[in-house]
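First listed ligand is number 1; within each ligand, the first listed atom is number 1.
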Amino acid sequence: MTASVKISLPNGLNYDQPTGLFIDNKFIAGNGEKFTVYNPATEEEIITLQGASEADIDKAVAAARRAFEGEWSELETKDRGALIYKLAELIERDRKLLASIDSFDNGKSFADAYGLDLLESYNVFRYYAGTADKIMGKTIETGPTKLAYVLQEPLGVCGQIIPWNYPFMMLAWKIAPALACGNTVVLKPAEQTPLSALYFGNLVAEAGFPPGVVNIVPGLGGVAGKALASHMDVDKIAFTGSTATGKAIMKSAASNLKNITLECGGKSPCIIFDDADLDQAVKWSHGGIMDNMGQVCTSTSRICVQDTIYDKFLEKFTQRTKELASKIGDPFHEDTYQGPQVSKAQFDRVLGYIEEGKKSGARLLHGGAKHGDKGYFIQPTIFADTTEDMKIVKEEIFGPVVAISKFSTEAEAIAKANDTSYGLAAAVFTQRVARAHKVARKLQAGMVFINSSGDSHFGIPFGGYKSSGIGRELGQYALDAYTQSKAVHINLGTEL
Ligand code: ADP
């Protein structure tokens, strides 16, 4: 049993933070590289952890394999569902603490962590708890005396690698469907935000899961993540993060031809036609890029506005940005809209893009610099009159930086929107239903928001076209990602 450390959170909550790896329902010491977790609002160190080494990953995978071949696979699906339901209840019980932990090491506002991330997380566990005993294949008559039926079987040991922008929610999206389908899991949280995932180990043990069904292995991406993605006894790898890392993981996963689900980056367009409700378009397109400090893979970071309303839109969008820029600050303050970027590396990266934007000739309408002297805060930044060749239009920035340009015709808007290697999401603002549907059909994106932005729901598939990923998460679609079908052919004929 490794130590835990007492942590006092800025909102007065105190708790015991486990510091090891969670394997076989126990916390054990890691043997890999040390890494430090920071509070991005103050730049202060929270804790230094010792991550998983390659040998630790072997240990976790072996535990998951034993569990998969043992008690877990013998459990009736209704009992599997009951355990997942119990986890949902424990997450709801500890909602305030888990939200506080995510706010502490990620920097997102506590209000968002509590109101969005944690609410979604226990809803996802509940949804899949109800799914566990409803996974089924089809029966097909293949001839007058022949029959085939299909079993939807679990894949086995699933490696799951998650990012730092929604620390607990990404864990929920990954673990809940994998368990519902009867798999076992080895999950690696991001090194910037591993605390809530480690705490979750307590809840897995408390819920009564057999040892080895869920294992949590914090560590460095290039060590623990790589070892998991390339492991010969892991059957699936599910990943959310940048496209560059997604490509590296896909290569590692080729070692034993693992099943993969990749949810990668985006540079999502937002088209605003002149028949849109302008105030609504301003509100949603602003949230579409500025919510969660722009650290959302579906962020609508390229706004394309019809020329007839371009100036009016810029004026209103800048006004709204100014208003909400007054709510930058302490993530635990109840009025805060914008916290810091997650880390020094992200802070520097985003400021680098802002400098690039200034040099490119785009018109800077708001922001353009860091905010304050302490913490990784960045002013919400608006660039107008951008063109498709600019780096700030082509590349994912993952910060509160938007590129706005104009178009004149519907065809031009669609061409601009699709002029990207990414294809995660897209938004369309218009009051004409026929136009909304026509444009939605033409957009090369896995998700389209009409008169909205950033929507997701645990029952609806989430994932991207083109370089934004492979496969879908959530809803019944995730069952395809976590099962494989076995066809059983039966000969019922009696003649020889
Ligand atoms: P960022 O660059 O913003 O940290 P990444 O996409 O690189 O985002 O990270 C997302 C997750 O992928 C993290 O958990 C990280 O540790 C992990 N990761 C990074 N590099 C690798 C790698 N080569 N193999 C496996 N996992 C990795």
Side-chain angles (χ1 to χ4, degrees), residues 21 30 32-38 40 49-54 56-57 60-61 102 105-108 158-171 173-175 185-198 200 215-231 234 236-255 258 260-267 292-299 340-353 376 395-399 422 424 464 467-470 473:
L21 315 174
E33 278 78 355
K34 288 191 171 155
F35 63 97
T36 300
V37 183
Y38 294 92
L49 297 174
Q50 188 151 12
S53 64
E54 219 172 295
D56 292 329
I57 296 295
V61 171
D102 273 2
D105 64 7
N106 169 280
K108 64 172 60 203
C158 297
Q160 305 186 315
I161 299 176
I162 60 171
W164 43 259
N165 57 342
Y166 289 91
F168 199 81
M169 196 174 99
M170 288 297 103
L171 172 153
W173 283 24
K174 294 275 180 295
I175 291 187
V185 164
V186 178
L187 177 134
K188 194 200 86 61
E191 41 276 65
Q192 297 85 347
T193 56
L195 303 183
S196 60
L198 267 180
F200 175 73
N215 306 277
I216 311 284
V217 288
L220 300 186
V223 181
K226 194 169 178 202
L228 192 56
S230 55
H231 203 288
V234 169
K236 182 197 173 85
I237 201 85
F239 164 77
T240 298
S242 64
T243 293
T245 302
K247 286 180 184 172
I249 286 179
M250 195 165 170
K251 273 192 195 147
S252 301
S255 60
K258 285 180 189 63
I260 51 172
T261 305
L262 303 175
E263 200 270 278
C264 298
K267 191 74 193 179
N292 210 43
M293 291 67 77
Q295 301 170 147
V296 186
C297 47
T298 55
S299 281
Q341 306 310 118
V342 74
S343 65
K344 172 90 167 77
Q346 286 299 317
F347 174 77
D348 290 342
R349 202 173 153 266
V350 174
L351 288 177
Y353 274 111
Y376 306 127
E395 297 181 13
E396 184 178 42
I397 299 175
F398 227 58
Y422 291 112
L424 194 56
S467 290
S468 288
I470 296 178
E473 300 193 272

Side chain to side chain donor-acceptor pair (under 3.5 Å) involving Lys251 - partner list, sequence neighbours excluded: none
Distance-minimising heavy-atom pair for Gly246 and Leu262: O-CD1, 3.8 Å
Any nitrogen or oxygen of Thr245, side chain or backbone, less than 3.5 Å from one on ligand 1? yes
Residue from Phe347, Trp164, Tyr353 passing ring-ring contact (aromatic ring centres under 6.0 Å, His included) with Phe398: Trp164
For atom 23 (N) of ligand 1, what's the nearest protein heavy-atom neighbour? Residue, atom name and distance, please. Gly221 O, 4.1 Å
Numbering as shown, the atoms of ligand 1 that approach Ala190 to under 4.0 Å (heavy-atom distance): 14 (O)
May I ask you to identify the nearest protein heavy atom to atom 25 (C) of ligand 1, giving residue, atom name and distance to one decimal place in Å? Gly225 C, 3.2 Å
Identify the heavy atoms of Pro40 and Val342 that sit nearest to each other, and give their distance. CB-O, 3.3 Å
Does the side chain of Ser196 pick up a donor-acceptor pair with the side chain of Asp102 at under 3.5 Å? yes
Which of the numbered atoms in ligand 1 are below 4.0 angstrom from a heavy atom of Lys188? 14 (O), 15 (C), 16 (O)
Which heavy atom of Pro194 sits nearest a heavy atom of Asp105, and at what distance? N-OD2, 3.8 Å
Should Lys226 and Glu54 count as an ion pair when the cut-off is N to O under 4.0 Å? no
Under 4.0 Å from one or more heavy atoms of Gln192, ligand 1 contributes atoms 4 (O)
Heavy atoms only, cut-off 4.0 Å: how does Ser242 contact ligand 1, side chain, backbone, both, or neither? both
Could you tell me which non-hydrogen atom of Gly294 sits nearest to which non-hydrogen atom of Ser299, and how far apart they are? O-OG, 3.5 Å
Minimum-distance protein heavy atom relative to atom 17 (C) of ligand 1: Ile161 CG2, 3.6 Å
Less than 4.0 Å between atom 2 (O) of ligand 1 and some protein heavy atom, yes or no? no
Tell me the protein heavy atom at minimum distance from atom 16 (O) of ligand 1, and give that distance in Å. Glu191 OE1, 2.5 Å
May I ask you to identify the nearest protein heavy atom to atom 4 (O) of ligand 1, giving residue, atom name and distance to one decimal place in Å? Trp164 NE1, 3.5 Å
Between Lys236 and Thr261, do the side chains contain a donor N or O and an acceptor N or O under 3.5 Å apart? yes
Closest approach of Ile216 and Ile175, non-hydrogen atoms and distance? CD1-CD1, 4.3 Å
Number the atoms of ligand 1 from 1 as they appear, then name those within less than 4.0 Å of a heavy atom of Phe239, with their elements. 6 (O), 10 (C), 11 (C), 12 (O)
Going by the 4.0 angstrom heavy-atom rule, the piece of Ile162 near ligand 1 is backbone
Could you check Lys174 against Thr240 for side chain to side chain donor-acceptor pair (under 3.5 Å), going step by step and ending with a plain yes or no? CA-CA 9 Å; Lys174 294 275 180 295; Thr240 298; 2.6 Å; yes
Run the numbers for me: atoms of ligand 1, each under 4.0 Å from some heavy atom of Gly241, listed by number. 6 (O)
Going by the atom numbers of ligand 1, which of them fall below 4.0 Å from some non-hydrogen atom of Gln346? 3 (O)
Atoms in ligand 1 with a heavy atom of Ile249 nearer than 4.0 Å: 24 (N), 25 (C), 26 (N)
Using a 4.0 Å heavy-atom cut-off, say whether Phe398 meets ligand 1 through its side chain, its backbone, both or neither. neither
So, for atom 9 (O) of ligand 1, does the protein have a heavy atom nearer than 4.0 Å? no
